[in-house]
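Below is one structure, written out as structure tokens, with a few remarks after it.
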Amino acid sequence: MAGESSTRRPLFGGAISTAFPARFQDVSNIREVPDHQEVFVDPAREESLIFELLDLKGEVEDGGSALWFLRDVANEQDAGDNLVVEHSGTVELAGLRSGEAPAVAGTAIGKLAVSKGRQGREAQNIVRLYLANIRLKNAATDLVITAYEPLLINPLSESAQAVAAGPAVPAEQAGCLPMSEVFRLAVMNFDVHDWNLFNGSG
């Protein structure tokens with residue numbers, strides 16, 4: 001296991017917190033991010049971690065919610081036709097309670113080809129997308145956590161300017177926690193400190 005440690009990070013003004021490595025920088029320091037999102041990136045590895053508060057999708061069944069959101073993200077990025085679902089399941093978040101019971105997060109992992117920014121299909125990179133959906137029903141909120149791990153960088157992609165084109169350098173080789181572990185930490189350490197956050201969200 002790499003020697004990289006994770007640190008507790010405040011989200012949404014400290015109303016929420018979770019843990020992930022310090023190498024992930026807050027994108028809002030560089031550009032504007034919508035109020036319902038928190039976005040963190042590691043520019044050296046083109047990896048990103050996004051936390052998003054959405055109105056609860058009541059019509060989506062709990063067991064399939066993570067897969068539903070995974071497909072939704074793929075469609076938004078014009079990658080719906082090349083999404084390969086690798087895994088889906090649920091994990092119990094012992095530290096986060098939704099009423100009496102521990103909150104449950106649905107998880108899904110997929111592989112897809114996506115373009116960066118406004119680039120076209122000829123510049124698509126292959127990425128693995130990790131997604132968790134924590135259903136905060138008492139707050140009428142779907143919290144979606146997505147983590148992007150590049151697998152193959154297209155030479156035509158803007159990403160190739162930041163990291164070399166070709167297969168991504170494995171995390172362990174770079175002395176970093178693998179994205180699967182970064183994602184697991186971010187989901188398992190998720191905690192809500194101020195439920196008032198949700199009264200005005202959406």
Side-chain angles (χ1 to χ4, degrees), residues 1-9 11 17-27 29-30 33 37-52 66-67 69-71 73-74 76-91 93 105-117 119-134 144-190:
M1 182 54 69
E4 184 180 40
S5 62
S6 67
T7 174
R8 189 155 275 282
R9 310 279 288 267
L11 303 172
S17 71
T18 188
F20 51 92
R23 64 187 166 92
F24 286 89
Q25 302 167 13
D26 188 340
V27 169
N29 295 333
I30 306 158
V33 170
Q37 283 184 354
E38 290 272 16
V39 182
F40 298 86
V41 296
D42 175 359
R45 294 189 54 76
E46 282 284 296
E47 293 174 341
S48 58
L49 199 52
I50 301 169
F51 301 86
E52 195 166 10
L67 265 178
F69 281 109
L70 184 72
R71 292 199 172 101
V73 169
E76 261 177 42
Q77 301 196 2
D78 196 23
D81 55 353
N82 65 45
L83 173 67
V84 177
V85 176
E86 297 182 333
H87 166 82
S88 68
T90 56
V91 290
L93 308 182
T107 60
I109 301 167
K111 200 156 58 170
L112 61 163
V114 293
S115 308
K116 194 166 171 72
Q119 290 194 290
R121 285 184 170 240
E122 72 288 347
Q124 284 181 328
N125 299 319
I126 307 295
V127 301
R128 181 168 283 124
L129 175 59
Y130 301 86
L131 185 143
N133 171 220
I134 303 172
V144 177
I145 302 172
T146 44
Y148 288 85
E149 174 187 25
L151 302 175
L152 186 67
I153 301 292
N154 187 316
L156 298 176
S157 170
E158 287 171 16
S159 303
Q161 295 159 18
V163 293
V169 175
E172 292 91 339
Q173 209 174 305
C176 299
L177 278 179
M179 214 45 199
S180 55
E181 186 62 16
V182 171
F183 173 71
R184 192 187 71 79
L185 283 167
V187 173
M188 299 309 284
N189 287 290
F190 187 84

Item checked: Chi angles and distances behind the side chain to side chain contact (heavy atoms under 4.5 Å, CB included) call for Glu149, Val182 -> CA-CA 10 Å; Glu149 174 187 25; Val182 171; over 6 Å; no
Heavy-atom side-chain contact between [X] and [Y] under 4.5 Å:
| X | Y | value |
| --- | --- | --- |
| Asn125 | Pro150 | no |
| Arg128 | Met179 | no |
| Thr146 | Glu52 | no |
| Val169 | Arg45 | yes |

Next item on the list: For Phe51, enumerate each residue passing the ring pair (Phe, Tyr, Trp, His ring centres under 6.0 Å) test, keeping only those at least two apart in sequence or located in another chain.
Entry: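 Expected list: Phe20.
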Separation between [atom1] of [X] and [atom2] of [Y], rounded to the nearest 0.5 Å:
| X | Y | atom1 | atom2 | answer |
| --- | --- | --- | --- | --- |
| Gln25 | Leu49 | CD | CG | 13.0 Å |
| Leu151 | Leu129 | CG | CG | 10.5 Å |
| Ile145 | Ile134 | CD1 | CD1 | 4.0 Å |
| Ser88 | Leu131 | OG | CG | 11.0 Å |
| Arg184 | Thr107 | CZ | OG1 | 12.0 Å |
| Tyr130 | Glu86 | OH | CD | 7.5 Å |

Note to self: Taking the basic N atoms (NZ, or NE/NH1/NH2) and the acidic carboxylate oxygens, is any pair closer than 4.0 Å for Arg9 and Glu38?
What the structure shows: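 Not counted as a salt bridge, because no side-chain N and carboxylate O are separated by less than 4.0 Å.
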Notebook entry, point to check: Going through the distances and angles, do Tyr148 and Ile50 end up as a side chain to side chain contact (heavy atoms under 4.5 Å, CB included)?
Noted result: CA-CA 9 Å; Tyr148 288 85; Ile50 301 169; 3.9 Å; yes
Taking all heavy atoms of [X] and all of [Y], pick out the closest pair and write down the distance.
| X | Y | result |
| --- | --- | --- |
| Val187 | Ala105 | CG1-CB, 4.1 Å |
| Met188 | Val91 | SD-CG2, 4.2 Å |
| Phe183 | Ala147 | CD1-CB, 4.0 Å |
| Arg8 | Ser17 | NH1-OG, 2.6 Å |
| Leu70 | Ala108 | CD2-CB, 3.9 Å |
| Gly166 | Leu152 | C-CD1, 3.5 Å |

Next item on the list: Show your working on side chain to side chain contact (heavy atoms under 4.5 Å, CB included) between Leu112 and Gln124 and close with a plain yes or no.
Entry: CA-CA 9 Å; Leu112 61 163; Gln124 284 181 328; over 6 Å; no
Item checked: Trace of the side chain to side chain contact (heavy atoms under 4.5 Å, CB included) decision for Arg71 with Leu83 -> CA-CA 8 Å; Arg71 292 199 172 101; Leu83 173 67; 4.0 Å; yes
